[in-house]
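Heads up: the structure comes next, in structure tokens.
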Amino acid sequence: MNFLSTFVTFKSLHEVRRLCHWGPVIALSVIAICSSMAILDSIIWYWPLDTTGGSINFIMLLNWTVLILYNYFSAMFVGPGYIPLGWKPENQQDTRYLQYCRVCQAYKAPRSHHCRKCNRCVMKMDHHCPWINNCCGHLNHAYFTSFLLLAPLGCSHAAIIFIMTMYTQLYERISFGWSTVKIDMSAVRQFQPLMPFSMPAFAATLFALGLALGTTIAVGMLFFIQMKVILRNKTSIESWIEEKAKDRIQHYQTGEEFIFPYDLGSRWLNFKQVFTWSGTPKGDGTEWPVHPKCNQHTLTIEQLKQKADKRVRSQVQYQAVEDYNGACCPLSKGLQTFFRTPCTEEPRIPLSKGDTILATRGTKWWMYGDKVLSEEQMRAGERVRGWFPRRCVEKCHYDTAASDSTSDKKVN
């Protein structure tokens, strides 16, 4: 594949703005530091023109860099695939099994979810990844997972180069005695390398080694998590939905049997749904092969049940008792609130005294929920949802809503 083929798929040049985000800046900086330091240390430790092994080592190092960047940029710019605006199923009666997205003015196709960061409904959404500043979904799942595999392999190779370079360069500079250790970085060596290995070079190599080992561990763990869901033909979101389905059935003792509809019964068949020789995953992003006992809407029906159950069990009504301007780290709300702010890109919502919020989750210092809006705002499709300091609200111990519908949403 041509490395530039990724860029040909740009719908417009504004996609390049995805690079202007802290996630890609950090990720590409780590790749640049590890790759450049590994190349420089290879020249010092294992000069590629002297031996066949040195040439193979150098070529492999360049190969890792190219493959990592290719899959990284493919995951970023190919994108997950979006449900068309205004989409609806061919059979109009199927709309009763689907959720409606007010933002996209369309029904959510099976396995799709709305991403607040991308502001679109994403095909087979797994998660929104800040490191690629894009969603991981139907079209780029294979690229993203390949990147998660190649990055630890490349960093492991680079780490070996860093360790061997420091060992071979320091070995000739260190003399050991019975009672003293003498280190002389300016000692005369038998031959002079093409590039000097000075104290700054040693510090830079040590720093790059830390980055390489940290990346190997962190990204390697993400790779195993992704492969676990891929081999079961799931996404991270669908694994969560399946767990909530079991919890709902157990809570209400309905006796239902929930079968995950997209597991084809074979890890190899599940694997081939994502990874193909052409690089394009199977399916159009709206219809999927399903288990014989299931249909296209088995999972969407379960989602509707869980959404109804959430309104009954999860949402607790709170009323704002303090104003909050929506700051990410509000120092005026106390040091604990300032330092314990949620480590997420999810939004914060400003509050005014008297606002009503339906909270769905939270921590000791922060809460997450939906602000209750006026009827005009709701008809316009507006929704205000996000985090706010717990100290700014108090739980409603009685129903102050004027309508029975709001009363049904509240849990005492």
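A 4.5 Å side-chain heavy-atom check between Leu150 and Asn71 finds at least one atom pair inside the cut-off. For the pair Tyr107 and Gln99, the minimum side-chain heavy-atom distance is 4.5 Å or more. No side-chain heavy atom of Lys234 sits under 4.5 Å from any side-chain heavy atom of Lys228. You'll find the side chain of Trp288 reaches within 4.5 Å of the side chain of Lys124, heavy atoms only. Contact of the Asp370 side chain with the Val384 side chain is not registered, since no non-hydrogen atoms from C-beta on lie closer than 4.5 Å. Contact check for His113 versus Val122: no side-chain heavy atoms found under the 4.5 Å cut-off. With contacts defined as side-chain heavy-atom distances shorter than 4.5 Å, the pair Val290/Thr298 does not qualify. Side-chain contact between Val321 and Cys392: absent, with no pair of heavy atoms (C-beta onward) separated by less than 4.5 Å.
Environment of NZ in Lys244: crowded, with over 12 heavy atoms of neighbouring residues, nucleotides or ligands closer than 6.0 Å. For Gln105, the CD atom is densely surrounded, since the number of other residues' heavy atoms within 6.0 Å is greater than 12. In the displayed structure, Arg267 atom CZ is contacted under 6.0 Å by at most 12 heavy atoms of other residues, nucleotides or ligands.
Nearest heavy atoms, Pro110 versus Thr286: CD-O, 3.6 Å. Smallest separation of non-hydrogen atoms from Ile230 and Asn270: O-CB, 3.6 Å. Listed here is the closest heavy atom pair of Ile249 and Gly255: CG2-N, 4.4 Å. Across Asn119 and Val103, no two heavy atoms sit closer than the pair OD1-CG1, 3.4 Å.
In summary, Lys353 and Asp323 do not engage in a salt bridge, as defined by a charged side-chain N under 4.0 Å from a carboxylate O. Ion pair Lys371/Asp355 flagged as a salt bridge, since at least one NZ, NE, NH1 or NH2 atom sits closer than 4.0 Å to an Asp/Glu carboxylate oxygen. In summary, Glu346 and Arg385 do not engage in a salt bridge, as defined by a charged side-chain N under 4.0 Å from a carboxylate O. Under a 4.0 Å N-O distance rule, the pair Lys305/Glu256 qualifies as a salt bridge. With respect to the salt-bridge test (charged N to carboxylate O, under 4.0 angstrom), the residues Lys333 and Glu322 qualify.
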Practice item. Kindly indicate, with the supporting measurements, whether the criterion side chain to side chain contact (heavy atoms under 4.5 Å, CB included) is fulfilled by Lys364 and Arg340. Key: CA-CA 9 Å; Lys364 185 176 181 181; Arg340 301 293 182 87; 5.6 Å; no
**Asked** Can Ile161 and Thr165 be said to form a side chain to side chain contact (heavy atoms under 4.5 Å, CB included), step by step?
**Response** CA-CA 6 Å; Ile161 294 174; Thr165 301; 4.0 Å; yes
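Counting only distance, with no hydrogens or angles, the side chain of Asn134 and the backbone of Met76 share a donor-acceptor pair below 3.5 Å.
Remark: aromatic rings of Phe147 and Tyr72 are close, center separation under 6.0 Å. Taking the six-membered ring for Trp, His138 and Tyr82 have ring centres at least 6.0 Å apart. The ring of His21 has its center no closer than 6.0 angstrom to the ring center of Trp131.
Side chains of Gln226 and Asp126: a donor on one and an acceptor on the other come within 3.5 Å.
Atom SG of Cys155 sits about 6.0 Å away from atom CD1 of Ile68, to the nearest 0.5 Å.
Taking the ring centre of Trp366 as origin, the terminal cationic atom of Arg361 falls outside the region bounded by 6.0 Å and 45° from the ring axis. Taking the centre and axis of the six-membered ring of Tyr262, the NZ or CZ atom of Arg111 falls inside the cone set by 45° and 6.0 Å.
Ring geometry for Phe275 versus Phe271: interplanar angle under 30°, hence parallel rather than tilted (30 to 60°).
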